[in-house]
Amino acid sequence: MDYFSGHIQELIEQLATLPGIGSKTAQRLAFHIISMPKEKVEKLSKTLTETRQNVRYCKECQTLTDTELCPICGNPKRDHSTIMVVETPRDLAAYERTGKYEGVYHVLHGAISPMLGIGADDIRLKELMTRLSGDVKEVIIATNSTLEGETTAMYISRLIRPVGIKTTRIANGVPVGGDLENIDEVTLLRALEGRTVL
Ligand code: ZN
């Protein structure tokens with residue numbers, strides 16, 4: 001049974017489709033939005049629409065950006081011969097927050113998961129292999145320490161071996177099953193410094 005009139009109910013239902021938003025949170029957000037000044041709501045909706053329209057994949061590292069090259073790939077001061085492979089743009093942000101990594105990234109947008117039917121062709125691996133024909137000295141595999149992350153790391157290392165580029169895996173400082181984005185910066189740096197050659 002719907003307690004709320006059409007528009008309100010529709011807003012609650014739309015909000016509830018977002019990850020991590022249950023029906024109670026959706027109601028709270030909906031009533032918050034309704035109580036906001038109209039200009040603020042317009043600004044929010046404009047931001048949503050414009051972000052969705054303008055965001056695309058960086059042509060180098062595949063992270064989400066609104067320019068052809070993301071700010072990291074477009075920065076000549078970064079070390080473009082060291083590529084850190086991560087699962088998501090949020091993992092990239094976690095390493096950027098440490099402020100200590102000077103290389104560039106490659107964002108896979110997922111990990112191989114036979115259980116979920118996600119294969120090597122479903123993540124951005126081909127794009128990574130294309131980049132390796134350039135001047136690359138090291139590929140650091142920083143996928144999560146989940147089963148999927150480890151499977152993906154192994155798969156990539158096997159793929160790169162014939163190419164002859166040094167491939168390393170971040171150390172076990174990252175707890176098993178841990179999502180990179182929830183780990184503090186010191187642990188991330190330790191994991192990076194303690195990386196091992198695959
Ligand atoms: Zn990029």
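Each ligand, and each atom within it, is numbered from 1 in the order the structure gives. Keep in mind that what you see is a predicted model, and the values were worked out from it rather than measured.
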Undergrad: Does any part of the side chain of E150, heavy atoms only, come nearer than 4.5 Å to the side chain of T152, both counted from C-beta?
TA: no
Undergrad: Which value, rounded to the nearest 0.5 Å, describes the distance between M129 atom CE and I156 atom CD1?
TA: 9.0 Å
Undergrad: For the CG atom of L147 and the OG atom of S113, what is their distance to the nearest 0.5 Å?
TA: 7.5 Å
Undergrad: Drop me the distance from N54's CG to L64's CG, to the nearest 0.5 angstrom.
TA: 12.5 Å
Undergrad: Only pairs at least two apart or in different chains count here, so list each ring pair (Phe, Tyr, Trp, His ring centres under 6.0 Å) that has a residue in residues 109-137.
TA: Y57-H109
Undergrad: Which atoms of the protein, restricted to N, O or S, are nearer than 2.8 Å to the Zn ion (ligand 1)?
TA: C58 SG, C61 SG, C70 SG, C73 SG
Undergrad: For R78, which of E60, E96, E102 qualifies under salt bridge (charged side-chain N to carboxylate O under 4.0 Å, His left out)?
TA: E96
